Amino acid sequence: MTKIKKILIANRGEIACRVMKTCQRLGIATVAVYSEADAGALHVEMADEAVLIGPAPARESYLDIKKILAAAKETGADAIHPGYGFLSENAEFAEAVSKAGLIFIGPPPGAIRAMGGKSESKALMEKAKVPLVPGYHGDKQDEKFLKSEAEKIGYPVLIKASAGGGGKGMREVWDAKEFSEALAGAQREAKSSFGNEKVLIEKYLVKPRHVEIQVFADQKGNAVYLFERDCSVQRRHQKVLEEAPAPGLSAATREKMGNAAVAAAQAIGYVGAGTVEFLLEAKENFYFMEMNTRLQVEHPVTEMITGLDLVEWQIRVAEGEKLPLAQEDLQINGHAFEARLYAEDPSKDFLPGAGQIQFLRYPMESDCVRVDTGVREAPFGDGDVISIYYDPMIAKIIAWGKDRDAALRHMQDALDNTYIAGPKTNINFLRALTKNRDFAAGMVSTHFIAEHHDALLPKPSAPADETLALAALGVLAERGERMSDDPWGDLSSWRIGGGETDAFIFKSGEKEYPVKVSCPDLKIALPDGKTVQAGYAGSPFDLGFAAQLGGKRYEAAVYRDGPHMHVMYEGHNEELTYLDPLHAGEGDEESAGRLTAPMPGKVVAVRVEMGAKVTKGQPLIIVEAMKMEHTITAPADGVIEAIHAAVGDQVSEKHELIALK
Ligand code: ADP
């Protein structure tokens, strides 16, 4: 029996749903809070009660302490779980929760404060003799001084927002010439994301690994470590694929890091779940980076290898119970991976995306596969929206196996059975990543993605024959469906009878691929000259679309959104443009000299003037969107012909920013 009877989860999406699952198992009632943008969200539906706390922008809802406390009071909740992000590492919030007479399921405010700033926590750890990356983490912040510190440390250096997180407010500097611009960028991003310009400077380590230790402490002074997670595989200094344990880590180093992490937690009187992040260099030297005083996104891999429920531990500790297990009772069982499915465009430097999910199928869950998500599978185009207001993560696909190879096979399989259409996602990137030979060999470092860029992000090649054939069958089947709904609709593109040939043109990259289908016998002529006998049954919108191509059966889904076609089958998630003769010209509006906003955002810097001569790659304009800066650079040498945006302007996606001649 738990003492806590009702928990309000001060969060949304995947983590809110995750916490509720444990509450349901423990018989604890749940309260969701939600913004106007999330009225139809899964976490709202899952909760026993739900309270609307304001409009979409997080500042007016999920970050509003008063509204969250009012919701707890109104519903009679006796504890608040902050999840991660939002208010999870906000000491003021933890304090306000206690003051309101409620239990905060997290560490004491003092511990949050101690580790709140990267600079302050480094100073503390220095005292506790935990090894640090060489650098400057003091209070002096003028440019000249910081630059001289950078020179002392020696390039390359990394400038980091002291209040930072999620890789924001971070800039690598490889040369003194770049320092000032990088500092200004880091400060700007730090200010807009965290409301605090303070930065620190570190030696930029070449090819380290990111290895972090999960710690847990109770209110009685006990503390343990639940081993490590390797989160080296990153883009934009942000994790995208994690695993536990860290491949190849020696037992001796594991123990040393574990003990250092426990010492760090004890130095600040820590209680609850926390993570101590280290950079690990060759020869297994490790350096403290920061401590996250909350549950981490990647906590499921630790749960999979320990068989524990970390949210349950959090609740027990918050109730004042002793840690359920001592260090000597803890064991690693097998290996686990977590892949984060994001709305982002890997081909555009992983630019975060947004938009409506139109099709979504997750892999089947089992003892070896787990899916954590707050985004719904919605087969008929009324799916959840990945909003520009929040993190663009769609789901976490987690796989376990008795060893690393087995876990990796389960992960590959799970990703091959994940299908999505709507905003651009990293699904194909994740598939390539988990099938990469060096990754399979455990050769991970924080440079893994950059070093394997071409293999992981191949240049668009000609679509496979199957993709083109399925696309054509999809259009035909879709017409058939429309016909059966409305026998008089759209006769212009449908011929009753037979003996005729239908021609389709699909576009991928810059190239067009004509496909001919003879009706009614469904012989498909492909652009490479091959022909294949086809058949199909079922609706193309679902994975129940069964297609036959030359004797082979495919379970496919073909989803069309205007000219955008998504063809999904057997580990393929392909996008084509359908040049529908009825809607000629759609999707061709891009022209070379018009530089447009990649997503809705705010213009934070304009680096050029009218008439300026620019060279290819030169930064022209900086747009901030989803709390990150995106630099629009010149695609070619040229002259600035027009500037259509000024600093402070809110721009919509595709808004023309600059004309270049
Ligand atoms: P955030 O809190 O924004 O996530 P971190 O300090 O945790 O920032 O760093 C994020 C990532 O940046 C690390 O996982 C690592 O890959 C890289 N990184 C951080 N510090 C260094 C460094 N000194 N040298 C090399 N890479 C670093």
Side-chain angles (χ1 to χ4, degrees), residues 84-86 88-90 112 115-123 125-126 130-137 149-150 152-174 182 185-187 189-194 196 198-214 228-243 246 257 261 264 274-282 285-298 338 340 350 352 391 393 444-451 626-629:
Y84 47 69
F86 294 135
S88 60
E89 294 184 285
N90 184 315
I112 300 179
M115 291 295 183
K118 290 185 205 284
S119 306
E120 297 72 20
S121 65
K122 284 186 81 174
M125 291 300 107
E126 201 165 28
V130 178
L132 301 181
V133 187
Y136 174 77
H137 50 261
E149 284 299 311
K152 258 196 243 161
I153 299 163
Y155 291 100
V157 300
L158 190 63
I159 305 176
K160 280 186 190 178
S162 178
K168 285 168 197 141
M170 209 184 281
R171 294 286 190 283
E172 289 165 29
V173 192
W174 288 77
Q187 286 172 329
E189 218 168 274
K191 183 134 195 239
S192 74
S193 293
F194 316 110
N196 182 345
K198 188 173 179 184
V199 297
L200 62 92
I201 300 176
E202 275 177 9
K203 176 85 195 155
Y204 183 68
L205 301 182
V206 185
K207 271 183 88 162
R209 285 166 67 179
H210 173 121
V211 177
E212 58 184 35
I213 305 283
Q214 175 72 55
E228 78 282 4
R229 295 181 285 260
D230 192 314
C231 314
S232 299
V233 180
Q234 305 179 344
R235 77 288 176 243
R236 297 175 170 278
H237 298 300
Q238 283 183 64
K239 301 158 190 170
V240 63
L241 194 129
E242 303 97 340
E243 62 180 304
M257 293 179 85
T275 294
V276 183
E277 296 190 330
F278 295 100
L279 288 173
L280 182 75
E281 271 198 309
N285 287 325
F286 59 88
Y287 307 98
F288 171 84
M289 224 178 347
E290 63 166 341
M291 179 167 183
N292 291 323
T293 52
R294 53 170 163 80
L295 198 68
Q296 301 266 95
V297 177
E298 58 275 19
E338 173 184 278
R340 302 189 191 187
F350 301 95
D391 186 79
M393 191 166 77
V444 292
S445 84
T446 56
H447 288 214
F448 189 89
I449 291 176
E451 282 176 359
M626 296 173 110
K627 301 210 168 144
M628 263 165 49
E629 290 192 351

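The model shown is predicted, which means the values in this text are computed figures rather than measured ones. When a ligand or atom number is given, it counts from 1 through the structure's own listing order.
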Looking at Leu279, which atoms of ligand 1 are within less than 4.0 Å of one of its heavy atoms?
15 (C), 20 (N), 21 (C), 22 (C), 23 (N), 24 (N), 27 (C)
Evaluating non-hydrogen atoms only, which member of His237, Lys168, Glu172, Lys160 is closest to atom 19 (C) of ligand 1?
Lys160
Compare His210, Glu281, Glu212, Met170 and give the one whose heavy atom is closest to atom 8 (O) of ligand 1.
Met170
Less than 3.5 Å between some nitrogen or oxygen of Lys203 and one of ligand 1, yes or no?
yes
Answer yes or no for Gln238: is there a heavy-atom contact with ligand 1 below 4.0 Å?
no
Ser162 side chain to Ser119 main-chain N or O, any donor-acceptor pair under 3.5 Å?
yes
Which residue supplies the protein heavy atom nearest to atom 24 (N) of ligand 1, what is that atom called, and how far is it?
Leu205 N, 2.8 Å
Nitrogen or oxygen of Gly167 less than 3.5 angstrom from that of ligand 1:
yes
Using a strict cut-off of 4.0 Å, indicate which atoms of ligand 1 neighbour a heavy atom of Leu158.
18 (N), 19 (C), 20 (N), 21 (C), 22 (C), 27 (C)
Please tell me if the side chains of Glu172 and Pro156 come closer than 4.5 Å, counting only heavy atoms from C-beta onward.
no
pair Thr275-Arg229: side-chain heavy atoms closer than 4.5 Å
yes
More than 12 heavy atoms of other residues, nucleotides or ligands under 6.0 Å from NZ of Lys191: yes or no?
no
So Met125 and Met291, do their side chains get closer than 4.5 Å, heavy atoms only?
no
Nearest-option assignment for atom 23 (N) of ligand 1, heavy atoms, candidates Glu202, Lys118, Lys207
Glu202
Taking the side chain as every heavy atom from C-beta outward, state whether Glu189 and Met170 have any atom pair closer than 4.5 Å.
no
So is Met289 polar-close to ligand 1, meaning N/O to N/O under 3.5 Å?
no
What I'd like to find out is whether the side chain of His210 reaches to under 4.5 Å of the side chain of Glu277, using heavy atoms alone.
yes
Less than 3.5 Å between some nitrogen or oxygen of Tyr204 and one of ligand 1, yes or no?
no
Taking 4.0 angstrom as the limit and counting only heavy atoms of Gln234, give me the atoms of ligand 1 inside it, by number and element.
11 (C), 13 (C), 14 (O), 15 (C), 16 (O)
Between Lys239 and Val297, is there a side-chain heavy-atom distance shorter than 4.5 Å?
no
Under a 4.5 Å cut-off applied to non-hydrogen side-chain atoms, are Ile449 and Phe350 in contact?
yes
Need the ligand 1 atom indices (1-based, order shown) with element for anything under 4.0 Å from a heavy-atom of Thr446.
16 (O)
